[in-house]
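Within every chain, numbering begins at 1; the chains are lettered A, B, ... in the order of the sequence lines, protein sequences first and strands thereafter.
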There are 2 protein chains.
Amino acid sequence: MHNYPDILPPRGHAAKRQSIIDAAAAVFCREGFAGANIDLIAAEAGVSRQTVYNHHGDKDKLFNAVLREITERANARAFAILDTFPDQPVDLEADLVAFALRFNKNCIWCREGKSLRKLLLAEGERYPELFEVWRREGPGKIESALASRLARLAHAGYLDIDDPDIAARQFMALNNAELHLPSMFGKSLSEEETAAAARRAVRTFLRAFGRRVSRPAELPQEA
Amino acid sequence: MHNYPDILPPRGHAAKRQSIIDAAAAVFCREGFAGANIDLIAAEAGVSRQTVYNHHGDKDKLFNAVLREITERANARAFAILDTFPDQPVDLEADLVAFALRFNKNCIWCREGKSLRKLLLAEGERYPELFEVWRREGPGKIESALASRLARLAHAGYLDIDDPDIAARQFMALNNAELHLPSMFGKSLSEEETAAAARRAVRTFLRAFGRRVSRPAELPQEA
DNA sequence: GACGAATTAGACAAGGATGTCTAAAAAAAT
DNA sequence: ATTTTTTTAGACATCCTTGTCTAATTCGTC
């Protein structure tokens with residue numbers, strides 16, 4: 001009787017666990033918590049209802065597991081992308097555009113990111129603790145990490161930034177500017193549109209924070 | 001039998017209709033469509049369940065009515081605020097900050113705006129047509145109107161803008177940058193925090209789009 | 001092949017929600 | 001004051017969903 005509860009769910013039934021989580025994420029996201037039907041989740045996962053109950057005891061617990069899992073995955077992705085930030089840019093604008101594009105495609109615009117945002121917004125109040133964790137460990141850390149990168153660029157003379165945290169937040173905001181609306185409903189942007197959005201975001205960001213020859217950036221901004 | 005179906009719901013039962021819509025909005029927003037309980041809506045509206053069914057036949061129809069009503073109110077508010085845009089600014093930055101602050105407080109940050117965003121995001125896929133209408137008549141028109149105002153400021157020499165539509169969208173995005181996250185769950189910002197957010201947004205916007213050289217001489221605005 | 005664990009299909013009770021109906025009460029209009 | 005309309009409270013049938021239980025079956029492992 002080797003029931004180490006936290007470690008080995010012994011066999012290839014990890015695959016089932018995974019498919020349950022995935023299906024549950026999809027259904028919860030589509031229908032909301034109350035509207036999600038466990039039979040449907042089971043069917044969509046290719047699993048019997050009883051198995052769902054065996055793996056995660058409760059609808060509530062299942063939702064919890066889903067949120068935890070997606071959050072974790074999304075965070076991992078985001079930090080992986082953040083590690084590709086151009087610390088030593090060759091062409092600052094082009095490198096930032098490429099970075100922004102990577103970030104959008106992998107973190108904001110992807111199915112997981114959208115599901116997570118939607119679930120958190122819709123049901124966040126029901127799980128304030130989970131929500132708080134996400135906010136602290138997710139966006140908070142990410143923005144702070146991005147701020148560090150921006151500060152380094154500024155210190156190296158590429159950017160002119162007062163407060164890196166604000167700059168980071170605004171970088172994200174500009175990036176999202178064109179994606180939020182279409183992302184709400186199914187409408188997906190073409191590769192070209194996404195790239196254009198990133199270009200526009202970075203261009204404005206650099207107009208505001210870049211030390212560029214094309215714009216007189218000598219003027220110190222009065223505090 | 002004067003039942004002009006569109007005009008006069010004859011008497012002070014318009015008040016009941018209104019309170020039903022309001023309560024329904026609150027409950028739908030809190031619990032989602034599937035989780036919303038008609039008994040609860042009725043109770044919260046101070047009305048019997050039957051009355052709810054009398055006014056709007058169906059849970060679905062009720063939801064529809066709620067969405068339509070909130071959309072309409074939110075749009076009206078937004079356009080009213082837009083009419084206070086500083087077309088002839090005295091102090092450009094201060095005037096833009098004041099405008100941004102008005103917009104945030106009345107359109108984004110207020111209860112109605114938040115409810116609307118949440119409902120649309122959560123249930124938008126169930127009502128693609130309503131959703132599309134909102135997108136076209138709401139944000140689309142608002143951004144376009146703001147773009148016109150910005151273009152006028154640019155033409156008058158206050159701003160340096162290539163594409164007013166993009167500038168408008170980015171103005172909104174910068175404005176939302178700091179509000180979106182806390183707005184998700186109940187956390188409310190203090191007056192001072194909101195003002196600071198607006199100041200930061202406008203400062204960056206002006207760093208990107210402001211004329212660095214000097215204030216323009218007074219210019220007559222042509223209609 | 002045989003054993004034990006996991007999975008399955010289906011039945012099942014309990015509870016909750018929707019939407020209808022009815023008769024009584026309240027409000028509005030004449 | 002009377003008449004008409006709206007509102008109310010509650011009962012009600014129907015359906016759906018959750019979560020449990022059981023017996024049969026599959027799967028992986030020895």
Side-chain angles (χ1 to χ4, degrees), chain A residues 1-66 122-123 126-127, chain B residues 1-66 122-123 126-127:
Chain A
M1 242 178 249
H2 302 179
N3 248 350
Y4 299 156
D6 249 357
I7 312 188
L8 280 192
R11 334 173 194 292
H13 93 163
K16 278 194 192 301
R17 183 182 212 87
Q18 190 59 36
S19 81
I20 291 173
I21 293 274
D22 288 342
V27 174
F28 277 133
C29 184
R30 246 190 358 252
E31 320 278 352
F33 177 81
N37 183 322
I38 302 240
D39 285 356
L40 185 58
I41 292 176
E44 207 147 310
V47 148
S48 85
R49 172 172 65 245
Q50 186 60 39
T51 301
V52 176
Y53 281 105
N54 285 347
H55 280 256
H56 323 87
D58 207 320
K59 192 183 183 183
D60 230 71
K61 289 203 191 71
L62 174 59
F63 186 75
N64 235 282
V66 166
E123 321 282 354
R126 305 176 60 84
Y127 301 84
Chain B
M1 248 181 239
H2 302 179
N3 247 351
Y4 299 156
D6 247 0
I7 312 188
L8 281 190
R11 337 169 194 295
H13 90 165
K16 279 193 190 302
R17 182 182 213 86
Q18 190 60 36
S19 81
I20 292 173
I21 293 274
D22 287 343
V27 175
F28 278 134
C29 184
R30 248 192 353 255
E31 319 278 352
F33 177 81
N37 183 323
I38 302 241
D39 285 356
L40 184 58
I41 292 175
E44 208 148 308
V47 150
S48 85
R49 172 174 62 247
Q50 187 61 37
T51 302
V52 176
Y53 282 104
N54 286 346
H55 280 256
H56 323 87
D58 209 323
K59 192 182 183 182
D60 230 71
K61 291 203 191 70
L62 174 59
F63 186 74
N64 235 282
V66 167
E123 321 281 354
R126 305 176 59 83
Y127 302 84

* **B:Asn54 CG to C:dT22 P, straight-line distance once rounded to whole Å** => 14 Å

* To do: Search all heavy atoms of A:Ser19 against all heavy atoms of A:Ala45 and return the closest pair with its distance.
  => OG-O, 3.3 Å

* Heavy-atom closest contact (B:Ile20 atom, B:Ile41 atom, distance) -> O-CG2, 4.2 Å

* Starting at NZ of B:Lys59 and ending at C1' of D:dC16, how long is that distance when rounded to a whole Å? -> 12 Å

* To do: Can you label the angle between the B:Phe33 ring and the B:Tyr127 ring as parallel, tilted or perpendicular, going by 30° and 60°?
  => perpendicular

* Structure fact -> Here the pair of heavy atoms bringing B:Ala122 nearest to A:Ala122 is CB-CB, 4.4 Å

* Nucleotide D:dT20, atom C1' - distance to OH of A:Tyr53 in whole Å -> 9 Å

* Structure fact -> When rounded to whole Å, the CG to C1' distance for the pair B:Asp60 and C:dT18 reads 12 Å

* Asked: Measuring from B:Glu123:CD to A:Arg30:CZ, what's the distance to the nearest 0.5 Å?
  -> 13.0 Å

* Structure fact -> Here the gap from B:Asn54 atom CG to B:Lys16 atom NZ, rounded to the nearest 0.5 Å, amounts to 11.5 Å

* Asked: Of all heavy-atom pairs between B:Lys59 and B:Ala36, which one has the smallest distance, and what is that distance?
  -> NZ-O, 3.0 Å

* **Interatomic distance where CG belongs to B:Asp39 and C1' belongs to C:dG15 [whole Å]** => 14 Å

Scan nucleotides 9-13 of chain D against the protein and return all N/O pairs shorter than 3.5 Å with their distances rounded to 0.1 Å.
from, atom 1, to, atom 2, distance (Å)
D:dA11, N6, B:Arg49, NH2, 3.0

* To do: Specify the separation, in whole Å, of atom NZ of B:Lys16 and atom P of D:dT5.
  => 19 Å

* Structure fact -> Ordered by number, residues from residues 24-38 of chain A within less than 4.0 Å of DNA chain D (heavy atoms) are A:Ala36, A:Asn37, A:Ile38

* **Euclidean distance, atom CG of residue A:Leu62 to atom C1' of D:dG19 [Å, nearest integer]** => 13 Å

* To do: Starting from P on C:dG19, measure out to CD1 on B:Ile41 and report it in whole angstrom.
  => 11 Å

* Phosphate contact (C:dT7 OP1 or OP2) by A:His55 side-chain N/O below 4.0 Å -> yes

* Is there a side-chain contact between A:Val52 and A:Val47 (heavy atoms, below 4.5 Å)? -> yes

* Structure fact -> In this structure, NE2 of A:His56 is separated from CD1 of A:Ile21 (nearest 0.5 Å) by 4.0 Å

